[in-house]
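Notes to accompany the following structure.
Letters A, B, ... mirror the listed sequences (proteins, then strands); counts begin at 1.
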There are 2 protein chains.
Amino acid sequence: MSVSSAGLRARKRQDTHARLEEAAVALVLRDGLEQTTIQAICERADVSPRTFFNYFDCKDSAILGMQQPALLDEHAQEFLRDVVHADAITAVLALLQSMFDLRSARPQIREDRLELIRRHPQLLVNQLAKVTQAHGQVAQAVQVLLRRDPRFAGHSDADLADLAEFTLGSCVVALRIATREVVAAPDDLDSDHIQQRAHWLVQQLVKEIDA
Amino acid sequence: MSVSSAGLRARKRQDTHARLEEAAVALVLRDGLEQTTIQAICERADVSPRTFFNYFDCKDSAILGMQQPALLDEHAQEFLRDVVHADAITAVLALLQSMFDLRSARPQIREDRLELIRRHPQLLVNQLAKVTQAHGQVAQAVQVLLRRDPRFAGHSDADLADLAEFTLGSCVVALRIATREVVAAPDDLDSDHIQQRAHWLVQQLVKEIDA
DNA sequence: GCTATTGTTGCAGTCAGTGCAAGTTTGCAC
DNA sequence: GTGCAAACTTGCACTGACTGCAACAATAGC
């Protein structure tokens with residue numbers, strides 16, 4: 001079962017996907033976020049502008065290599081079904097990192113993406129915001145996770161739903177800030193560092209509340 | 001100093017502003033969010049489409065009556081400079097509510113807005129997200145607030161900046177969820193209820209972290 | 001090879017949002 | 001009230017994201 005046995009169609013799809021990602025990253029790095037049009041990306045990737053939207057739902061998704069929203073839902077349910085973590089925060093942070101994994105791409109693309117995040121923090125804000133919006137399916141997966149925790153046994157479904165959404169939202173914010181911070185210091189790029197920093201942020205929040 | 005003494009120019013501006021808000025709310029309520037175009041809003045408000053952008057930066061802002069982002073910054077600094085609250089979370093929640101005050105409009109508009117939030121939760125997500133993005137000035141105001149708290153005296157500026165942004169982000173999420181929840185139960189519409197609910201969410205988050 | 005499925009593309013179109021320049025209205029000082 | 005400067009409105013032309021549709025091309029599986 002070598003890679004080439006995956007079928008011609010599937011390989012072409014992967015290839016086009018990769019070319020679009022590469023083109024998006026390279027052009028935005030060279031010309032800037034606003035200056036790069038989808039049309040330009042398509043020319044470089046040698047596909048029709050219309051085809052672009054068969055692979056990504058918007059420009060930002062191509063730049064950061066995010067999957068389509070619908071796929072995020074499935075991924076979330078699958079991920080949280082099995083994994084057992086120390087606490088819900090850790091589990092959700094891990095989920096988010098697995099959705100939006102800066103390590104997954106080829107080294108060159110990865111380095112370029114980090115630079116793009118440095119130059120355009122807005123990218124991270126916009127893309128991570130999508131996780132929150134994604135039909136609430138992700139939040140629902142978190143709710144299932146919380147229900148397994150005996151400390152939340154007494155809560156109503158409505159309370160648990162709100163709390164799940166809030167947990168997800170807060171983790172998104174923490175991960176965004178932590179990523180930006182850690183990315184700014186190139187030597188420290190490490191998913192564990194990002195996670196630690198995000199976790200630290202949540203812990204500090206505790207201190208603000210009961211004064 | 002009656003209202004009419006405010007100058008003709010200022011009064012006309014207020015009037016146009018109000019007409020645009022009314023038109024946006026009425027049309028979205030009647031036709032739906034996607035179906036309502038800026039052009040239609042302008043026709044109803046009897047102004048040119050080009051003029052719309054002298055008052056709002058996008059469609060959603062008109063629908064919910066949000067001020068321009070630049071004004072939000074000033075407001076935040078002013079608000080947090082004087083007010084002293086029990087804790088930072090409470091202060092930030094109060095700030096956000098003052099920025100985005102569902103009570104401020106005329107009764108009819110207000111009721112319609114609540115219905116629109118019920119029908120299109122996305123409105124709240126998108127608009128409150130802007131607060132986070134607004135040039136970081138709002139986050140900076142929160143940082144000043146945190147620095148006044150002796151419990152955070154030992155932190156570096158970088159830590160404090162991150163923590164301020166995280167605090168702001170979490171409060172935005174909490175307020176969004178709490179607003180949607182409270183708005184869904186029409187009898188309970190009360191800013192205090194929203195604030196209590198948001199505060200409760202943050203408190204619950206604490207319980208998730210140290211398992 | 002034949003056929004159903006899947007992917008690509010061009011086309012035509014809607015709509016948000018921007019810059020510019022010309023025209024109009026208001027504020028204000030004299 | 002005259003005249004000038006500032007603020008506001010408007011039309012125009014434009015860019016660019018994004019969508020639906022229908023024709024065409026390529027692949028998979030038999």
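- Checking A/Thr51 against B/Thr36, the closest nucleotide of DNA chain C that is more toward the 5' end is the one next to A/Thr51.
- Closest approach of A/Arg19 to A/Ala45, counting heavy atoms only: NE-O, 2.8 Å.
- Per the geometry, CD belonging to A/Glu43 stands 11 Å off P belonging to D/dG16, to the nearest Å.
- At D/dT27, one or more side-chain N or O atoms of A/Lys12 fall inside 4.0 Å of OP1 or OP2 (strictly under the cut-off).
- We find that NZ of B/Lys59 is positioned 8 Å from P of C/dG17, with the value rounded to whole Å.
- Residue-to-nucleotide contacts include no donor-acceptor pair under 3.5 Å from the side chain of A/Arg50 to the base of C/dG7.
- Checking C/dT8, D/dC8, C/dG17 against every side-chain atom of B/Arg13, the shortest atom distance belongs to D/dC8.
- Computed from coordinates, the A/Arg11 CZ to C/dG7 C1' distance equals 16 Å when rounded to whole Å.
- Side chains of B/Gln196 and B/Asp192: no donor on one and acceptor on the other come within 3.5 Å.
- Separating the CG atom of B/Asn54 from the P atom of C/dC20 is a distance of 15 Å, rounded to the nearest angstrom.
- A distance of 7.5 Å separates CG in B/Leu163 from CG in A/Leu205, rounded to the nearest 0.5 Å.
- Map A/Phe53 and A/Glu34 each onto its nearest nucleotide of DNA chain D; the residue landing nearer the 5' end is A/Glu34.
- Following rounding to the nearest Å, B/Asp60 (CG) and C/dG17 (C1') show an atom-to-atom distance of 14 Å.
- A sub-4.0 Å separation between OP1 or OP2 of D/dT9 and a side-chain N or O of B/Tyr55 is present.
- If you run salt bridge (Lys or Arg N to Asp or Glu O under 4.0 Å) between A/Glu22 and each of A/Arg110, A/Arg113, A/Arg44, only A/Arg44 comes through.
- Between A/Leu8 atom CG and C/dT8 atom P the separation is 12 Å, expressed in whole Å.
- Between C/dG10, D/dT9, C/dA16, one nucleotide has an atom nearer to the side chain of B/Ile38 than all others, and that is C/dA16.
- As rounded to whole Å, 10 Å separates atom C1' of C/dG17 from atom CG of B/Asp57.
- Across all strands shown, B/Thr37 has heavy atoms under 4.0 Å from sugar-phosphate atoms exclusively, and none from any base.
- One atom, CZ of A/Phe52, and another, C1' of C/dC11, lie 19 Å apart when rounded to the nearest Å.
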Exercise for review: Show your working on side chain to side chain donor-acceptor pair (under 3.5 Å) between B/Thr51 and B/Asn54 and close with a plain yes or no.
Suggested key: CA-CA 5 Å; B/Thr51 300; B/Asn54 288 341; 4.7 Å; no
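- Checked by distance alone, A/Arg9 brings a side-chain donor or acceptor within 3.5 Å of a matching partner on the base of D/dA26.
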